[in-house]
**Q** 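Sharing a structure, written as structure tokens. Questions coming.
We count ligands from 1, going down the list as the structure has it; atoms in each ligand are counted the same way. Just so you know, residue 1 is the first one in the sequence shown, and it goes up from there.
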Amino acid sequence: MYILGLTTLGDSAATLIHDGEIVAAAEEERFSRRKHHSGFPYQATQFCLDHAGITIADVAHIGLYWKPWVLRHKAMQALKAGLVSREMFKARVDRGVAQVGDSYLGMFRHPRRIRQHFGQSNFRFHFLEHHQCHAASAFFVSGFERAAIMTWDGTGEDTTTLFSRGVNNSLEVLKRIKLPHSLGQFYSAVTNFLGFDMFGGDEWKVMGLAAYGQPEYYDFFAKRVLSVNGDHDFHLNIRVLDHHLAKRYLFGEEIGKALGPPRQPGEDLTQRHWDIAASAQKVLEDTALHLVRGLHERTGEKNLCMAGGVAFNSVMNGRIMTQSPFKHYFVQPAAGDAGCSLGAALIIHHTLLRQPRRFRMEHAYYGPGFASERCAAALQQAGLKFETLPDEELLPRVALLLSKGAIFGWFQGRMEFGPRALGNRSFIADPRRADMRELLNKKVKLREWFRPLAPSMKEEVAAEVFGRPHHDPFMITVLHVADDMRERFPAVVHVDGTARPQTVSQRTNPRYWQLIHEFEKLTGCPMLLNTSFNIQEPIVCRPEDAIKTFRGANFDGLVLENNLVLRR
Ligand SMILES: [Fe+2]
């Protein structure tokens, strides 16, 4: 039985499952080429159907990641709390009704628009709670028979943090924290205070900057902005830092007095900005640990699953994994709202249809893939000179060029689901060269110098590199690199001595593992620098996207499956 899950606002995405196993999953942005595409995922849905070789008539159930009627409560709460006036409230509702296209209220029309666009079908349509979709996206594919689950983000319909428990094929909600108390909105507001853009997904930048600062403003944040209380709870003081005002770069008097003026976009970064980032990051981590400890106390479980946009904070994840009482962890790699499309499909399969669990998510390669011949045709079409080589020749040759300082666009297999490139749509380079980070950030990716870059390492060496066993195929945890290792791979060790590794398994990605192995044979270095294959755009999806990026940019080589292109 086929079940389709959909995320239709924010990071739109579609996931198709068959008998509980993921068949295909992708974000709409990869097709539309618009970052964080928001709107019905027509192309991602079509890809899922095509990949399975079915039509919409073969889909028995469709799950949506949102209950649009709960929005009324959210707007009502804002009204009650005095955050919006009666006039503004009425205007919002009118606007919502008018924009039935891509608004929350427009979701009621989804079943009809699916039939109009994809053809007649007798599917049953389900509106599902946002945070339960996040929770399902992590727990049901974690491989754990039972686990505590923490999901946290900006907000769902009105819940921002959900404590739950999964046992076999059921989910039990334990506690909700609702608006305006939101860890995601706190971090987004700080992102804008620092002159970045919460809508551009710039929260990563704050996390990267934090490593350069000291938590000088910690007390202010912990006392006046984001405070914890005894009952495994937290309180966000929106009178001091309001996400809705921060969206428009507006900040109140108190925060200005405590932190100094907000940074204007493009203004130089100074120690004060690094210290603000470090303080906000530490307050987030401490609050998260407080909540996780509470969840542990409440459940007594050994395993912890996490999802929701806040679970992208890989530094926070690293602290949770090394300092919380849980023993085993699973973080959904598509932790943001795109992953809710997977969760929606899984809720239908497991909790509504009561089907048992068999599937475990061990990799994220569920997007489109392209045969080598198809890639060669695209190169021919583009008029690029290339060689087609078997892996026995291609991999050692690329490894050799990497060891001499070349930067490659590496394109193989099916595209990753979730925002991390995991060796199928990646830029790769030599991590031993200290200047490689700046070279990649500034010359290739055209972005800020301080953004950390991460290593893809053979999973066999992770314990040695970190001084503790570590398994993370999804690059979602930051850990301290063992002291004697830091100098060996300077391009992938952040200023504070940490790294965010992908552990590459010979079983789940044999070709990428083999490439790293060839590099190790030449250099003794069992890892490559890996960053996503995109320049100011969504990650490349089709061979044509990769070729376009190669042509407009400044890197040395391109591999599309077995085809090698070298820039003169
Ligand atoms: Fe979310």
Side-chain angles (χ1 to χ4, degrees), residues 5-15 25 27-29 35-41 44 63-68 70-71 73-74 77 102-104 107 126-141 149-164 171 173 175-189 191 198-204 234 236 243-244 247 284 287-288 291 305-314 316-317 330-347 417-420 474 476:
L6 297 174
T7 296
T8 61
L9 282 177
D11 280 316
S12 295
T15 298
E27 290 95 335
E28 185 73 1
E29 64 159 27
K35 263 190 172 183
H36 307 292
H37 182 119
S38 188
F40 194 92
L64 183 72
Y65 79 126
W66 200 271
K67 292 185 166 178
V70 186
L71 183 73
H73 295 296
K74 182 173 153 186
Q77 276 181 348
D102 286 320
S103 69
Y104 292 104
M107 290 174 178
H126 310 259
F127 294 99
L128 301 163
E129 195 210 326
H130 185 72
H131 265 266
Q132 291 193 47
C133 291
H134 274 312
S137 77
F139 173 65
F140 285 138
V141 299
I149 313 164
M150 184 68 90
T151 59
W152 28 31
D153 62 6
T155 185
E157 296 88 348
D158 58 356
T159 296
T160 66
T161 311
L162 187 75
F163 295 54
S164 57
L171 284 178
V173 171
K175 174 187 168 88
R176 293 168 189 285
I177 298 174
K178 293 190 177 188
L179 282 172
H181 308 296
S182 161
L183 294 180
Q185 292 193 353
F186 160 72
Y187 211 78
S188 296
T191 300
M198 62 169 85
F199 293 108
D202 282 355
E203 284 79 356
W204 308 101
F234 69 92
L236 177 64
H243 172 259
H244 295 284
K247 269 183 199 173
L284 173 81
T287 308
L291 299 179
C305 294
M306 293 191 283
V310 176
F312 279 136
N313 195 303
S314 45
M316 176 196 85
N317 292 347
F330 179 87
V331 184
Q332 165 54 239
D337 286 357
C340 289
S341 62
L342 168 62
L346 292 168
I347 286 183
F417 182 46
R420 296 273 75 95
F474 302 128
I476 209 150

**Q** Is the backbone of Thr151 close enough, under 3.5 Å, to the side chain of His134 for a donor and an acceptor to pair up by distance?
**A**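 Here the side-chain-to-backbone pair does not exist.
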**Q** Please work out which of the three classes, parallel, tilted or perpendicular, describes the rings of His181 and Phe234, given edges at 30° and 60°.
**A**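 Judged by the thresholds at 30° and 60°, the geometry between Phe234 and His181 is perpendicular.
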**Q** Taking only protein atoms, how many N, O or S atoms are found under 2.8 Å from the Fe ion (ligand 1)?
**A** 4
**Q** Would you confirm whether Glu29, through its side chain, and His36, through its main-chain N or O, come within 3.5 Å as a donor-acceptor pair?
**A**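 Side chain of Glu29 to backbone of His36: a pair is present.
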**Q** Within this structure, what is the NZ-CE distance for the pair Lys175 and Met150, rounded to the nearest 0.5 Å?
**A** 9.0 Å
**Q** Let me confirm one number: the CD-NZ distance from Glu157 to Lys178, rounded to the nearest 0.5 Å.
**A**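 Glu157 CD to Lys178 NZ: 9.5 Å, rounded to 0.5 Å.
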**Q** Take Tyr65 and Ser137 through the test side-chain contact (heavy atoms from CB on, under 4.5 Å) and record every step on the way to the result.
**A** CA-CA 11 Å; Tyr65 79 126; Ser137 77; over 6 Å; no
